[in-house]
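One-based numbering, in listed order, for ligands and for the atoms of each.
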Amino acid sequence: MKRIYLDHAATTAVDREVVQTMIPYFAETFGNASSLHSFGRDAMHALGAARQTVADALGAETGEIFFTSGGTESDNLALKGVETGHIITSLIEHPAILNTCRYLENHGCDVTYLPVDSGGLVDPGNIESAIRNDTKIISIMHANNEIGTIQPIAEIGTIARDNGVLFHTDAVQSFGKTETDLQKMNIDMLSLSSHKIYGPKGVGALYVRDGTEIEPLMHGGGHESGLRSGTENVAGIVGFAKAASLAIERFESDTRHLTNLREMLINGVMDTIDDVHLNGHPTKRLPNNVNLRFDFVEGEAMLLHLDLRGIAVSTGSACSSASKDPSHVLLAIGLAPENIHGSIRFTLGRENTSEDIEYVLGVLPEIVGKLRAISPLVSKGSSRGSSSG
Ligand SMILES: *Cc1c(COP(=O)(O)O)cnc(C)c1O
């Protein structure tokens, strides 16, 4: 059966070029980068080159890049690592930020969780008014993993700088899909994850602007300039760096390709199925994100029917798929729980083709029609269903 992966916000396949780049670093150049002999020096050089590549991809200095185990660790390090009093964040952050904030609330910090509008946007004016004398850090994600909304990061960064508050952004979903400029956006710290950009899992980075005071979470041999002890995952880091440089190299063609597929999917669904709504912002949106709400349909049932046809999508975010709790992001944009349960996230990737989208558009009306026909949510006498099938 044809299998189509449309869950790139959950993870991506490792690019074949990235795999090739990593292979020598398992059995040949396997040294510990801290060792003084030639094996160690080879590993150290590979690490240095990877750091330069990631720094270049971000427009940063090598001394500002700290390799971590991924987005979750980078988010934890950014928030727990700085002296925190009051933190400002939003209600739609990734659990790596939200649950870190909840932890910090139990350890003497105060957190303001800002609301978002129906498109998922934070109002920079609200950030400005939330700033207090003891505010230490503002953490707002660049782009949302569920609905793809892109925040006004430059405006937020300016507010942070003008008020002498640190600004952290989780750029795990946005890197390679929308422009990031550390200087123009006044970003002090930024989280990246390799497996969302066609690199291996279990590796990522935190950018920390030179001069920012930050304490480690991991104590040990003093790796990563003392900020992140633990023998470096050289193969993973080399792969991550390759993935980051490919993301920059392919930025324009990737975004053009993804935007075309996104519009094809959204317009195709709207044309063939009634009572469908786009969740999130119509224009300030990641090029690869399509989050649709199908009235009178149970999202989980739809996911399973799509899976039977070889199509992989998600409801809510992968992190919360084990729980039946409605998505905190969709709640924050004002959806009622029954609407949330009818929402499906399609996230497109570099390897998807227009044939993939045609296949999805071919099977969707039938699935929606079938589910609506048996749905207790459809009111009696209404003739709702898909118009074409
Ligand atoms: C996936 C994701 C993370 C977590 O990254 P991991 O590398 O899986 O730990 C954090 N933030 C966002 C926005 C994500 O999409």
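Under the 4.5 Å side-chain criterion, counting only non-hydrogen atoms from C-beta, N288 is not in contact with R350.
Ligand-side atoms of ligand 1 in range of G70: 7 (O), range being under 4.0 angstrom from any heavy atom. Close approach of ligand 1 to Q173 (heavy-atom distance below 4.0 Å) involves ligand atoms 13 (C), 14 (C), 15 (O).
Judged by the 6.0 Å and 45° rule, K80 forms a cation-pi pair with Y103. Taking the centre and axis of the six-membered ring of F67, the NZ or CZ atom of R51 falls outside the cone set by 45° and 6.0 Å.
Closest heavy-atom approach to atom 11 (N) of ligand 1 among the candidates D170, D75, V203: D170. Here atom 4 (C) of ligand 1 lies nearest to T72 when heavy atoms of T11, T72, I97 are compared. Looking at K201, H195, E93, it is H195 that brings a heavy atom closest to atom 8 (O) of ligand 1.
Geometrically, ligand 1 and K196 share a nitrogen or oxygen pair separated by less than 3.5 Å. Every N/O-N/O distance between N145 and ligand 1 stays at or above 3.5 Å. The distance criterion of under 3.5 Å between nitrogen or oxygen atoms is not met by A9 with respect to ligand 1.
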Distance-only check: which donor-acceptor pairs under 3.5 Å involve side-chain atoms of residues 24-36, not counting sequence neighbours?
| from | atom 1 | to | atom 2 | distance (Å) |
| --- | --- | --- | --- | --- |
| N32 | OD1 | S34 | N | 2.9 |
| S35 | OG | N32 | O | 3.4 |

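Between N291 and the choices T149, N279, N144, T347, the side chain to side chain donor-acceptor pair (under 3.5 Å) rule is met once, by N279.
Within 6.0 Å of OH in Y359 there are more than 12 heavy atoms belonging to other residues, nucleotides or ligands.
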